[in-house]
Each structure stands twice: as structure tokens, then as C-alpha cells.
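Here the structure is laid out as C-alpha cells; the discussion comes afterwards.
Naming convention: chains lettered A, B, ... in sequence-line order (proteins, then strands); numbering from 1 in each chain. Source: prediction; values computed, not measured.
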2 protein chains.
Amino acid sequence: MDVVFLGTSAGVPTRKRNVTAAAIKKQSGKAWYLVDCGEGTQHRVMQTPLSLHRLDAVLITHVHGDHCYGLPGLLASASMSGRRHALTIIAPAAIRDYLDAIQATTGLHLTFPLEFVAVEAVNARLSLPDFSVEPVKLSHGVASYGFVFHERGVESQLDTERLDALGVPRGPAWGRLHRGEDVTLDDGTQVRSDEVLLPSRPARKVVIGGDNDAPSRLEAACLGASLLVHEATYTEDVVERLGSDNQHSTAAAVATFAQAMALPNLILTHFSPRYHDKRGVVPNIGDVEREARNHYRNTLYLARDLETYRLSRDGQVSRLERP
Amino acid sequence: MDVVFLGTSAGVPTRKRNVTAAAIKKQSGKAWYLVDCGEGTQHRVMQTPLSLHRLDAVLITHVHGDHCYGLPGLLASASMSGRRHALTIIAPAAIRDYLDAIQATTGLHLTFPLEFVAVEAVNARLSLPDFSVEPVKLSHGVASYGFVFHERGVESQLDTERLDALGVPRGPAWGRLHRGEDVTLDDGTQVRSDEVLLPSRPARKVVIGGDNDAPSRLEAACLGASLLVHEATYTEDVVERLGSDNQHSTAAAVATFAQAMALPNLILTHFSPRYHDKRGVVPNIGDVEREARNHYRNTLYLARDLETYRLSRDGQVSRLERP
């Protein structure tokens, strides 16, 4: 599973970082899923191999502009490039009002249907082609959600004990069942593929949060997760000066939570533009990283725009070199 | 007067060209005026010396997304950077509905007032600090306008005949009147500065069009203008294939109009993304230029993003080298 960061700045873009967006996809295949869509996300997409034709769903965490002002333009561009197949949008209901208002006031006519799912009404996992998705309510000034991505289509192996118990003879029938076909035995017994297949490993689980001042809201979601992607807008010293009513998390708070949950991998994003990327200029993004490392001992990354992080089948996260 | 192109693509951004926006400003000073604001305009502004604090007015030609989807983010960023003084927005009334809807649905709270002027109701020149502005109705699918910028504050010289007739003695009184002060003569006569000053040259006039399939709508506006900036979305061969109901202008149509008006300078912009910038790839932006040159013999440019064009006091347009 790959996560591609399309924007990693909070509130406003900087010269190096756009406002928030991230793509998640299976390592193989071209289908992808977009989480948040700040202004200029479609411009970032053009800098990647991702195609708007292969975008299977857009998930928006909340209605603040730095997370959704790129959505109308992205939909318009998908239309102008000839997309015809439906696009699923999973988001707080406020996003539907926003999109309705844009379409009504700017004459935006889409060439494809939007299938809108209001997260407030979701009480089961949503099945998308590559993932099943669960929204989790977070704590922010407006309704804000995180999304848990459960891998679908994990490779399977034959349950040999069950095959023997069912009396399926070793040979071509086993191969057909492994490939997903149902078979009829010589004695007329029907054997379904799905009753003799076992996943060969646990499905991977990735949690991508929205803006949130209470990481503990993601406690249940993070159980057994391989990776948490979470905002770390501020460092503690800045919050001491600004006040703690900013509705965002510090690097320390997220790192402490991730450590307590024993999460193997943590990627921080959504940094206040006050933190400079250039070495030696203060406050610096290095301050955010140091604060997080003080509280978290497993694999930690601070995302930058256009970086791709790969979660391997055995749960290791690594940053890919840019092609 | 300088025109800085912030986006020169029609409909969708490309890797080299953003959707439409242009800045106009006096050569000296930091105040500037924005015409159109496609998605990502604030990102382009960051690549220039222009500051959102010194933006005096935003003029939007029409409500299509490639001309206005960057406005909410630009206003949000101006707020987050602490702007407090009012911002004038001059646009079709539909833009007010659009902004109202965005504010209502996304909780966008601005730290400064918007002073909205609906162009449909304008029947005199609008006085802005550096320019007076006249909207001109164009022909497009939705209400679309061009804007005529008349230079304000042209350097003045003393009307010596008038001074002699009024009996103002040569000396310090002349200097004070030239500096804009009123004076009282020894005999008690009041002489106002503005009655003895003459502009030392004609005020410059620049016309910036919106989307428009009938350049002749700008006939009156272009009389005596030094520069027309106009869309040239297509070439004629493309329109022959697509049909002529596309509501845009060809390079040939704009160039023919500009030649008939004897305009000294023409800058084309808003090119369909089908025209490639890379040499040798067809259809090519060079096709647009050749078509225009076949019909127009004065100074012609095809704008590219982040280029600045300078209109000198004597009416010459040149492209500035990038710093």
C-alpha cells in the first residue's frame, strides 16, 4: 500500500508545501483514493503518475477550506478530460452542501455522477474496490473525521484441512478453487471457492486522520493498525504562546499517543507554515521532528509534498526515492 | 503600467500554465489589482513580489470555475496573514452569490470586509486608487465582462497661459500650485491648484477582456487604448472541427479585430490546453501565434505564466526579463 502526499501545509500553502491532500492506493494497479483536496491538489496530481480517470473515491475529513477548496476544480478538470463513470465522495454532510452551492452558483456541470456518502450516517465499513473504509469522528471546531483503510483482496491460500474434510481430491479441482472458481465433485457435491480459502496474512490497516485536537479519538481505530498518518500542526512551545484552544494537535501529543498504542509507523503532516523547511531558519520543521522523536521510538516520518511512502506486506514503512 | 500573467490556460491547468489570472499595477509602488482568480492563483502570487496585503481590488470577468475557483483560498490566505483593511471586489453579481455560498457552507470567516461592486449596476467609471475602471459586457455563455483600466495620477505641468491670465506672479506660488497646493494672492484672490494644472501626457488605457466570442463588443473600449489583453482559446482549424458554438474567440478573430482598431499592442492569453508549449508537438502554441500574426501587424505577444509586460509612458509594450 502506498500513501502519496500531495499537500502537507496547514491553513495556507507555502512555496514548498501545498495545503492538505494525500492519495492512498494499492502498490500495484492504477486505482487510487484521495483523502482531502485543498486548493491546488489537481496541480499536484499532475506532478505524479496518478490519473483523474482512475480516481475511485474522494474522502474529505472536514469542510475547512485548506482541505476542500480544490475539490470543485478537480471535479471540473475530470469532467473536461472526459470522465463518465461515477465518483464516490465520502465526507461530512457539510461537503455536500458546499458542492451543491458551487454547482448552483457557478454553473459547474459534471459529465459523471457523484455518489455522495455522508459520513455521519455511516455505521458499517464502506466497501470500495481496494479497501473497506471506516470513518472515525474526531475533535475539531467543525465535524472532522479520520478514515481507517482496511486492505481488501489479501492473497489467499487453500484451507487444506477443510478440503480434505470436504473430500475434494488433490489435483485440478484444488487449482480451480484457489483461482476463485466453484467446483462440482464427481458425487455432485458443490464446493464454493470462498469456503476453502484462507487469507495468507492479516489485512493491512492504515489510519489517516483529519484535523483533530484529541488523538485518543483514534484509539480503537489504531488497534492493530500498521500506520497512522496524523496532523501535527504545532510544537508545544508555540501552543504555550498561542493558547491551547487551537483545535489542533502538537507533535508531542500525537507521538505520545502513537507510542502508547505501540504503533509501528507514524507519519506526521499538516504543519503550520511558521515552521521553515530551510535549515537554520527558526522555527524549523526540525523542531517538530525532534519533539515527536522525544515521545515516539518506532518508525517516524515527517511528510513532504510529493513523497510516496510504501507499507510493505510485513508492515514496514519506507519512503520511496523519487523516480 | 505592468501586467503580470499569473495563469494563461483555458479550462484546466497544464504543467506550465495555470488557469486564468492576471495582475495589473503601476510600474512604481506595490499596490496591485487582480483580474480573475482561477484555482492556484495564490500559489502563483507567491512566485512574484506581489503581496496580498497590497492587493487593492479583485476584478472577476465571469463565474466559470477557471476564472474564480481560486478566490476563496486567496481570501482565506489574506485573512490568515492578518489583512484587516477592506478589499474591493468588482464582478458579475453571480460572484457575490458564489462567495456568499462558500462563506455559508465552509465557515470561511474573513478578517477584513469585502466591498462588492456588481458590474451589472455600474454605469460610470469606478475610481480605484491607481486606475479608474469601466466594465464592458462581452458575449459568452454566462454574463462575462471586460475591464478598461484608465491610468490615474498622470504627471501634470503648469498651464502657464492660465497662470498669467489669473495674474499669478512667477516664483514660489507657481511651485506650490505645481505641488498641488492652493494659494492666495496678495490681492486676496484664491487660486486652486487643479485649475492651473494640465496633464503632461494622455492617460494610458489598457483593456483586459474576459471570455468572449465577439471581440467587437470591445470596439468603443479599445478606441485610444494602448493595449488589449484578450483570450484566444482556439485556432480556426480547431473550431472547424469542434463547431463554432464554443463561446470563445480564435486567434484570427481577435487579431483581425485588433488590426481593424489599429491597436498598437495585443497580448493573447487563455489558450486551450490542447496547444502544446513544447516545440514540435502538435497542435502547438506556435500555431496560435502564426494565426494571429497573419492578421495583425503591430506588437503581438502570447502570454506565458509569470511573465511581466510593461507598457511605457509612450505606449510601447515590452516583456521584462525575469529577475
Side-chain angles (χ1 to χ4, degrees), chain A residues 7 9-19 37-47 52 60 62-81 92-109 140-143 272-274, chain B residues 7 9-19 37-47 52 60 62-81 92-109 140-143 272-274:
Chain A
S9 182
V12 300
T14 72
R15 280 167 174 259
K16 299 234 172 184
R17 296 176 183 271
N18 197 24
V19 281
C37 189
E39 180 186 356
T41 295
Q42 64 166 322
H43 301 69
R44 281 290 193 236
V45 169
M46 276 194 290
Q47 296 175 272
L52 295 185
I60 303 286
H62 65 297
V63 79
H64 285 158
D66 55 328
H67 296 252
C68 71
Y69 281 174
L71 191 49
L74 182 135
L75 299 178
S77 290
S79 273
M80 279 184 265
S81 72
I95 293 290
R96 177 160 49 196
D97 297 338
Y98 161 66
L99 286 177
D100 286 349
I102 296 270
Q103 291 186 272
T105 56
T106 70
L108 172 62
H109 299 296
H140 193 55
V142 297
S272 163
R274 80 192 57 225
Chain B
S9 182
V12 299
T14 72
R15 280 167 174 259
K16 298 234 173 186
R17 297 174 182 272
N18 196 24
V19 282
C37 189
E39 181 185 355
T41 295
Q42 64 166 323
H43 301 69
R44 280 288 193 238
V45 169
M46 276 194 291
Q47 296 176 273
L52 296 185
I60 303 285
H62 66 297
V63 79
H64 285 158
D66 55 328
H67 296 252
C68 72
Y69 282 173
L71 191 48
L74 182 135
L75 299 177
S77 290
S79 272
M80 277 182 268
S81 73
I95 292 290
R96 178 159 49 196
D97 297 337
Y98 161 66
L99 285 176
D100 286 349
I102 295 270
Q103 291 185 271
T105 56
T106 70
L108 172 62
H109 299 295
H140 194 55
V142 297
S272 163
R274 80 191 59 224

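With contacts defined as side-chain heavy-atom distances shorter than 4.5 Å, the pair A:Q42/B:E39 qualifies. Using a 4.5 Å heavy-atom cutoff, the side chains of B:L75 and B:L52 are not in contact.
With sequence neighbours excluded, no residue satisfies side-chain hydrogen bond (donor to acceptor under 3.5 Å, both in side chains) with B:Y98. Applying the side-chain hydrogen bond (donor to acceptor under 3.5 Å, both in side chains) test to B:T14 and every residue at least two apart in sequence or in another chain returns nothing.
With a 4.5 Å cut-off on non-hydrogen atoms, B:S79 does not touch chain A at all. With a 4.5 Å cut-off on non-hydrogen atoms, B:L71 does not touch chain A at all.
Comparing B:G141, B:S81, B:G40, B:A101 by how many heavy-atom pairs each has under 4.5 Å with chain A, the most go to B:G40. The greatest number of non-hydrogen atom pairs below 4.5 Å with chain B, out of A:T106, A:V142, A:N18, is found for A:T106. The choice from A:G65, A:G11, A:A94, A:G107 that makes the most heavy-atom pairs within less than 4.5 Å of chain B is A:G11. Among B:A76, B:P13, B:G70, B:S77, the residue with the largest count of heavy-atom pairs under 4.5 Å with chain A is B:P13.
Remark: side-chain polar atoms of A:R15 are paired, donor with acceptor, to backbone N or O of B:M46 under 3.5 angstrom.
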